[in-house]
Amino acid sequence: MIPYAPFDVIIIGGSYAGLSAAMSLGRSRRQVLIIDSGLPCNRFTPHSHNFLTQDGKAPAEIAQRAREQVHQYDTVHFVEGTANTVTQVDSFFVVETATGEAFTAKKLILANGIKDNLPDIPGLANAWGKTVIHCPYCHGYEFKDQKTGILAHGDRALHLAGLVHNLSKDLQLFTNGEAEFTAEQRTKLTKAGILVHEERIISISEKEGIIDGITLDTGVFMPLQALYAVIPFTQQGGVADALGCTLTDAGHIKVDFMQKTSVPGVYACGDNSSPMRSVALAVSTGSTAGAMVNMELVTESF
């Protein structure tokens with residue numbers, strides 16, 4: 001039975017970061033509530049990589065095992081749903097779900113991730129997380145030496161090009177419109193043998209998420225086996241905005257080394273507060289957030 005009296009901590013988001021935070025808190029016998037929709041950002045990805053002991057496993061398999069382990073701590077409770085509103089009443093946070101349930105806690109951990117705003121290019125959504133990918137560390141090795149594209153422009157494109165060029169020399173850059181490169185950046189790309197295409201992308205050809213190329217607005221078909229894409233994002237659910245959390249220029253929740261946000265009593269971990277989107281980092285920042293929240297509760301009561 002879930003107690004409705006104040007929890008020590010409510011964690012919004014029960015994927016890798018949220019579960020990691022909950023484990024730290026559960027092991028300290030804190031009363032914790034996890035509110036989770038069951039829709040993690042990486043649910044489209046068949047395999048997770050670059051995480052010791054879990055390399056190559058399905059994200060859902062990792063998450064299921066994590067939930068089983070966290071369930072062993074009897075002070076950690078779960079509610080399936082979406083946090084609809086969060087308000088601060090005196091020294092407590094009140095979280096109301098989309099179904100109208102309300103819960104209160106002394107501290108709040110935001111682990112609800114981000115929302116990828118996929119561009120309206122036919123074929124992209126079907127291939128997202130499979131062969132249209134975001135991170136060389138998470139996916140790059142599996143596409144080494146293959147015919148590869150990058151969908152980005154400006155500094156982000158140059159950053160990705162440097163990382164991916166070490167994985168595949170068969171590399172082209174698609175800006176999907178006028179490129180935003182300095183003369184120095186263009187020279188660097190040319191020296192690396194990376195062609196820049198500024199034509200608009202009409203569609204991505206794929207079958208069950210496996211791409212074989214893209215069609216430009218000139219009618220030219222460019223064969224590809226993998227496409228890195230820099231995708232714009234927003235904070236998931238709008239909770240951070242409602243609380244008044246400061247965001248970085250890139251749109252992540254601004255946190256310090258203890259995962260504290262700009263709002264007292266509110267912490268954040270995982271994808272919502274870091275540009276390094278990986279399961280390993282989510283687990284790390286979640287563990288830190290849980291430990292630091294516990295320490296804050298200790299300081300206030302001991």
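Note that the structure is a prediction, hence the values are computed from the model and not measured.
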Using a 3.5 Å cut-off and no angle test, enumerate the donor-acceptor pairs between side-chain atoms of residues 138-154 and protein atoms at least two apart in sequence or in another chain.
{"unit_1": "K147", "atom_1": "NZ", "unit_2": "D170", "atom_2": "OD2", "d": "3.1"}
{"unit_1": "T148", "atom_1": "OG1", "unit_2": "Q146", "atom_2": "O", "d": "2.8"}
{"unit_1": "H153", "atom_1": "ND1", "unit_2": "E180", "atom_2": "OE1", "d": "3.4"}

More than 12 heavy atoms of other residues, nucleotides or ligands under 6.0 Å from CZ of R27: is that the case? no

Close side-chain approach of F103 and T97, heavy atoms under 4.5 Å: yes

Going by side-chain hydrogen bond (donor to acceptor under 3.5 Å, both in side chains), name the residues that satisfy it together with H252, two or more places apart in sequence or in a different chain. none

Minimum heavy-atom separation for V266 to C245, with atom names? CG1-SG, 4.3 Å

Y16: which other cluster members, linking ILVMFWY side chains closer than 4.5 Å, directly or transitively? F51, I62, V279, V283

Sub-4.5 Å side-chain heavy-atom contact between V32 and D8: no

L160 vs P136 side-chain heavy atoms within contact, under 4.5 Å: yes

By side-chain contact (heavy atoms from CB on, under 4.5 Å), which residues pair with Q69, not counting sequence neighbours? M23, R65, Q72

Can you get from F93 to I10 by hopping between Ile, Leu, Val, Met, Phe, Trp and Tyr side chains that sit under 4.5 Å apart? yes

Are L224 and V196 co-members of a hydrophobic cluster defined by side-chain heavy atoms under 4.5 Å apart? no

Hey, does I202 have a side-chain heavy atom less than 4.5 Å from the side chain of I121? no

Only pairs at least two apart or in different chains count here, so list each ring-ring contact (aromatic ring centres under 6.0 Å, His included) that has a residue in residues 180-225. F174-H197

Of all heavy-atom pairs between N50 and Y137, which one has the smallest distance, and what is that distance? CB-O, 3.5 Å

Under a single-linkage rule joining Ile, Leu, Val, Met, Phe, Trp and Tyr whose side-chain heavy atoms are separated by less than 4.5 Å, which residues share a cluster with I114? F233

Starting from V239, can I reach L33 by hopping between I/L/V/M/F/W/Y residues whose side chains sit under 4.5 Å apart? yes

Residues at least two apart in sequence or cross-chain that pass ring pair (Phe, Tyr, Trp, His ring centres under 6.0 Å) with H159, listed by chain then number, are none

Cluster link L110 to V79, ILVMFWY, side chain under 4.5 Å: yes

Applying ring-ring contact (aromatic ring centres under 6.0 Å, His included), which residue pairs with at least one partner in residues 277-302 are found, sequence neighbours left out? none

The complete set of side-chain hydrogen bond (donor to acceptor under 3.5 Å, both in side chains) pairs with one or both residues in residues 202-224, sequence neighbours excluded, reads N126-E206, S205-D212

Heavy-atom closest pair, residues L297 and K106: CD2-CD, 4.0 Å

Who are the side-chain contact (heavy atoms from CB on, under 4.5 Å) partners of N84, not counting sequence neighbours? none

Tell me every residue that passes side-chain hydrogen bond (donor to acceptor under 3.5 Å, both in side chains) with K130, counting only those two or more places apart in sequence or in another chain. none

L124-Y228 co-clustered via ILVMFWY side chain contacts under 4.5 Å: no

Are side-chain heavy atoms of H165 and I194 found at a separation under 4.5 Å? yes

Nearest atoms (heavy-atom pairs only) where V76 meets A22: CG2-O, 3.8 Å

Can you confirm whether E178 sits close enough to E198 that some side-chain heavy atom of one is under 4.5 Å from a side-chain heavy atom of the other? yes

From I231 CD1 over to N117 CG, what is the distance, rounded to the nearest 0.5 angstrom? 9.0 Å

For the side chain of S262 and the backbone of T246, is there at least one donor-acceptor N/O pair under 3.5 Å apart? yes

For the side chain to side chain contact (heavy atoms under 4.5 Å, CB included) test, which of L19, D36, I11 pairs with F78? L19

L189 vs L158 side-chain heavy atoms within contact, under 4.5 Å: yes

Which residues pass the side-chain hydrogen bond (donor to acceptor under 3.5 Å, both in side chains) test with N272, not counting sequence neighbours? N112

